[in-house]
Peer 1: 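Can you read through this structure? Questions will come right after.
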Protein chains: 2
Amino acid sequence: MTTSAIRSASLARRERQKAETRQAILDAARELFVAEGVEATTMRAIAAKIGYTPTAIYHHFRDKDALIVELCLADFTALGHAMFKIGRIEDPIERLRRLAMAYTDFALDNQSQYRFMFMTSYQQQLKDAAGNMMPMPDEDAYQFLLQTVQEGIDKQLYRPEHTDAVELAQMFWGGIHGIVALWFTHCDDPHITFRDPRQVVRALCNCVLCGAVRNPN
Amino acid sequence: MTTSAIRSASLARRERQKAETRQAILDAARELFVAEGVEATTMRAIAAKIGYTPTAIYHHFRDKDALIVELCLADFTALGHAMFKIGRIEDPIERLRRLAMAYTDFALDNQSQYRFMFMTSYQQQLKDAAGNMMPMPDEDAYQFLLQTVQEGIDKQLYRPEHTDAVELAQMFWGGIHGIVALWFTHCDDPHITFRDPRQVVRALCNCVLCGAVRNPN
DNA sequence: GCTTTTCACTTAACACTGTCAAGTGGCTGA
DNA sequence: TCAGCCACTTGACAGTGTTAAGTGAAAAGC
């Protein structure tokens, strides 16, 4: 082994170790965020979970928000994957239905992540962080939705009064988001009766599409 | 003036003064909550705003959450009033439309209050507090919605497949909530194009009702 | 009219948070 | 063998919500 080979090997090991503890921090943070909530989990608790001192975290992340944003960004790509897994379905209307259900499934299966992604405003910090990372994968999911709606408009599947893809997309997304968000925040409220959110989302799709599509079958 | 009259008069004044500073605390808290956000406003700031010591607040409210819950409860009655102002409109479908727009207006005009009422989970504390107060006025607004939907079902205005008022109500409420909530959290996101939420809510009502009603006109 | 009680409010502190400046110690490279 | 690096620790700071122990002026009692 040459000296340069040794150098690069030890350098690589060092970097790998650093990456490992970085990942350990992220894993511990995620687990605690999910279990206790974000506000309730402290830097000290995260550090204790992985056997470090609180300030060690600050060698890997600028501050608590940076930690949050990094996890959030990872979740956005996970959502993107879940959406694209639907793949090519010819009929844009049917594709929209599948999209809605996949989105709902993701939200319900990852409640605490979803709360961060879409129920709090981290725009500024996400934007700052996005500069260093990929071009905002959430955008992809949104673009996928927008494109699916636009395709329906282009193929004249919607009634003539619906010509604005942006408006339709916002309506779909908002509608579904509201059903799951309301479920998250209020399902324990004894004054309100709730049906299974998946069922309600399905009903919303039926109603909206039945009302917006030219030839509902 | 008899001695008992003097006693009751001074007692009344004392209680009035206490009520006044209590209200002053609530007003200051509301103003700061709206301006700075709830997490960001401190007990010390609220106290400073009305010229008191932070601990003075604790003679009027158990803790910060109690302060929040009290303001929240007041907002629920405000929403209830806004809903009932719609009054008696014969057609349950048209009434539902008006309901949706009144709800949307309330949300957009009282963003920070709305965030508290429907975008965070204060169920437990609200429930605890509700024991001492009126029977949860929010319930009224929800019951109003539910009843309006049920009336439409009873009059056979909806298509035969729609028989569950709870599901329809959840769909309407959720749909509208999602459009305004998404607007609140993401309207600054440069990757997403947004239309005016009132316009989108109107479009949602059109689509849903067109799809759910037996004879859309 | 004097004393006693009440009670709205203050003072001083506590435990806890996120965060930082100044170390420390073991591995790395020469 | 030695200097340097750097992941990590120590000890602290300002700020948070909250509380136990006062304080002093107004009210109540005689």
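Model, not experiment: these values are computed from the prediction. Note on naming: letters A, B, ... go to the chains in the order of the sequence lines (proteins, then strands), and numbering restarts at 1 for each one.
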Peer 1: Can you check nucleotides 5-11 of chain D for protein contacts, nitrogen or oxygen pairs under 3.5 Å, and list what you find?
Peer 2:
residue : atom : partner : partner atom : Å
D/dA7   : OP2  : A/Lys18 : NZ           : 3.3
D/dC8   : OP1  : A/Tyr52 : OH           : 2.9
D/dC8   : OP2  : A/His60 : NE2          : 2.9
D/dC8   : N4   : A/His59 : NE2          : 2.9
D/dT9   : OP2  : A/Thr53 : N            : 2.8
D/dT10  : O4   : A/Thr55 : OG1          : 3.3

Peer 1: For the pair made of OH in B/Tyr58 and C1' in D/dA21, what is the distance, rounded to whole Å?
Peer 2: 17 Å
Peer 1: Specify the separation, in whole Å, of atom CD1 of B/Ile46 and atom C1' of D/dG17.
Peer 2: 11 Å
Peer 1: For C/dC16, take OP1 and OP2 only and decide whether either is under 4.0 Å from a side-chain N or O of A/Thr42.
Peer 2: no
Peer 1: B/Trp173 vs A/Phe194 aromatic rings, parallel, tilted or perpendicular, using cut-offs 30° and 60°?
Peer 2: parallel
Peer 1: Just how far, in rounded Å, is C1' of C/dT17 from CE of A/Met43?
Peer 2: 10 Å
Peer 1: Would you kindly give the NZ-to-P distance between A/Lys64 and C/dT17, to the nearest whole Å?
Peer 2: 9 Å
Peer 1: Taking the ring of B/His81 and the ring of B/Phe106, is the distance between their centroids below 6.0 Å?
Peer 2: no
Peer 1: I'd like to know whether the aromatic ring centres of A/Phe76 and A/Tyr142 sit less than 6.0 Å apart in this structure.
Peer 2: no
Peer 1: Expressed as a whole number of angstroms, how long is the span from A/Ile68:CD1 to C/dT17:P?
Peer 2: 15 Å
Peer 1: Expressed in angstrom and rounded to an integer, what is the separation of A/Asp65 atom CG from C/dT19 atom C1'?
Peer 2: 12 Å
Peer 1: For the base of D/dG15, is there a side-chain donor-acceptor partner from B/Arg44 under 3.5 Å away?
Peer 2: no
Peer 1: Over how many whole Å does the gap from B/Glu15 atom CD to C/dC7 atom P extend?
Peer 2: 10 Å
Peer 1: Test your reading of the model: is there a side-chain donor-acceptor pair from A/Thr53 to the backbone of A/Ala56, 3.5 Å cut-off?
Peer 2: no
Peer 1: Assess the pair A/Phe184 and A/His177: is the distance between their ring centroids shorter than 6.0 Å?
Peer 2: no
Peer 1: Taking the six-membered ring for Trp, are B/Tyr103 and B/Phe118 parallel (under 30°), tilted (30 to 60°) or perpendicular (over 60°)?
Peer 2: tilted
